[in-house]
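Take a look at the structure below.
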Amino acid sequence: ADIRPERYPLFLTSSEFLRLLDRSLGGTPFLSQDERDERKGDADAGKLDSLDAFFGDDESDEEKTVYAYRRHGVQLATLVLYVDDGRMHWDDTKASDQRAGEIRDRLHGRFEIDFGPIDPAEDYFLGANRTTSANRDVKTIRATSYIDSMGERYLDGEYGVCKDMPGSWGETPADEELERAFEEATMSRTPASPDLFQRYNSLVGSERHCVKYRPDISAAMDLLGCCLTFPTERLYRCAVRVLVYLLRTRRLGITYTKHGEDAERLFARADANWRSTRSTTGFCVFLANAVIAHKCQRQGCIAMSTTEAELVALAQCAIEMIYIISLLKFIGYECKGDVVVETDNKGAWELCHKYTSAQHTRHIDRKLFKLREMRGAGIVKVQYIPTDENTADLFTKVLKRQPFEKHRKVVLNTGAGESTDEVKQQRVAALSAWKTKRVFHTKPQATSCKQTSHLCLRGERTWGETLD
């Protein structure tokens, strides 16, 4: 196991766990059944069989790979495992430091586990490049190394602007061409050649790993993922475009911060893209000013109206919220204020507040009113949000550039670290370098156009005043 311990501010605990644990992995015993049988006579065998011995049998009911150690009701340390990788977290107190040291020593002594440095400014974990500010108030998760490796594997590192890969490919991951290619492929469902089948599934499968760190490609990957058994050359070209978009925006990532009025507030937004066949559910859950959980998935039933499709999305979001609230409570985070779920469909909003039945809603399955049940129990509040402000729209359909960039900024929380000292120093250095270059190129030169010369001098003078 490769366990990298670190102290953590509480607001980052939830972000770490919910972003890196996408699915449950079952139990995590350190010894096999044969090894336990051989050690039946050992008095210490039962104490070291699993992590329960280290964490006082306190295992999360929501995630079987999350353990917590508590003393007198106070949480002192938390450990999360993902296959053979793990992370240990503990509070910044003397008792927590002491207990975390004891656990590290026991794990190293019994299983020879090597621990990484504590609180590294940069590290690489589960395919993610993670950077932390000096004050530990801003953390960014990127997939830069993984994206670069995909570029070398599938494009030989060539992804510059050219005729085959225009500049628009770096602005959005998809456009109407993907929707047309998807409709064409689903209508014919023609089996692909073995070569195309292998190339398409390899590329799309590699790109799907980036979704948890780059949720802005979710809608495109949803359409591409529906055609794995009958791909076309048009779809393969669309998949290449997604990769080019990732490469040209490789420095983008999800930034979590404790600053801002919504940093400690847990809320979600849900949406649905109604279709005549199966609609698409999309929702995103926010904490620490960025997304901590999201989904883009085809619904398991055929909705008869947009309102019913929205109810399906809200029901799936409600189930996820139950899990998230429980997991946050287990790792020691109490949600501040009301937990809010937002929707842009007034019909769905009214059905979450009224217990009446009407002609167009009486056929809807009762289980789809899960959010209404949670609202009645006081667990969450359901609020209406205008369609243009519903960030979940990013997960239900392919958007044009302007709304795409608007919602991407909210989901990834881009620009959150602009106020840190490191970023300020980098910006000042870059501006100074640009000024030097600008002054060099704007030296007065002999010209027959007085207006052009005047504009150059005015630009140079204005730049100097701005820098001062």
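We're numbering straight along the sequence, starting at 1.
Atom-to-atom distance recorded for Ile141:CD1 and Phe125:CZ is 10.0 Å, nearest 0.5 angstrom. The CG atom of Leu287 sits 6.5 Å away from atom CG of Leu328, with the distance rounded to the nearest 0.5 Å. The structure places OG of Ser96 at 13.5 Å from NE2 of His89, a figure rounded to the nearest 0.5 Å. Going from atom CG of Leu224 over to atom CG of Leu203 covers 8.5 Å, rounded to the nearest 0.5 Å. Rounded to the nearest 0.5 angstrom, Thr343 OG1 and Gln383 CD are separated by 11.5 Å.
Residues that satisfy the salt bridge (Lys or Arg N to Asp or Glu O under 4.0 Å) test with Arg408, not counting sequence neighbours, are absent from this structure. With sequence neighbours left out, the side-chain hydrogen bond (donor to acceptor under 3.5 Å, both in side chains) criterion links Asn289 to no other residue. Remark: Phe182 pairs with no residue by the ring pair (Phe, Tyr, Trp, His ring centres under 6.0 Å) rule, at least two apart or across chains. In this view, Glu320 satisfies the side-chain hydrogen bond (donor to acceptor under 3.5 Å, both in side chains) rule with no residue, not counting sequence neighbours. Annotation: side-chain hydrogen bond (donor to acceptor under 3.5 Å, both in side chains) contacts of Ser168 (sequence neighbours excluded): none. In this view, Lys381 and Asp338 satisfy the salt bridge (Lys or Arg N to Asp or Glu O under 4.0 Å) rule, not counting sequence neighbours. Here Phe267 pairs with Phe286 under the ring pair (Phe, Tyr, Trp, His ring centres under 6.0 Å) rule; sequence neighbours left out. Contacts of Glu207 classified as side-chain hydrogen bond (donor to acceptor under 3.5 Å, both in side chains), with partners at least two apart in sequence or in another chain: none.
Between Arg234 and Glu184 a salt bridge is recorded (basic side-chain N to carboxylate O distance below 4.0 Å). The residues Arg401 and Glu405 are annotated as salt-bridged, a charged nitrogen and a carboxylate oxygen being separated by less than 4.0 angstrom. A salt bridge links Arg180 with Glu177: the distance from a Lys NZ or Arg NE/NH1/NH2 to an Asp or Glu carboxylate oxygen falls below 4.0 Å. At a threshold of 4.0 Å, the pair Asp164-Arg237 does not count as salt-bridged, since none of the basic side-chain nitrogens sits closer than that to a carboxylate oxygen.
Under the salt bridge (Lys or Arg N to Asp or Glu O under 4.0 Å) criterion, the residue pairs touching residues 292-307 are Asp222-Arg298, with sequence neighbours excluded. Screening residues 299-322 for ring-ring contact (aromatic ring centres under 6.0 Å, His included) gives no qualifying pairs among residues at least two apart or on separate chains. Residue pairs meeting the salt bridge (Lys or Arg N to Asp or Glu O under 4.0 Å) criterion with at least one partner in residues 141-154, sequence neighbours excluded, are Asp148-Arg250.
Side-chain N/O atoms of Thr132 and Lys139 include a donor and acceptor closer than 3.5 Å.
Side-chain atoms of Asp271 never come within 3.5 Å of backbone atoms of Thr391 as a donor-acceptor pair (strictly under, hydrogens ignored).
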For residues 393-400, tabulate all N or O donor-acceptor pairs below 3.5 Å that involve a side-chain atom, not counting sequence neighbours.
residue : atom : partner : partner atom : Å
Asp393  : OD1  : Thr396  : OG1          : 3.3
Asp393  : OD1  : Lys397  : NZ           : 2.3
Thr396  : OG1  : Asp393  : O            : 3.3
Lys400  : NZ   : Glu176  : OE2          : 2.6

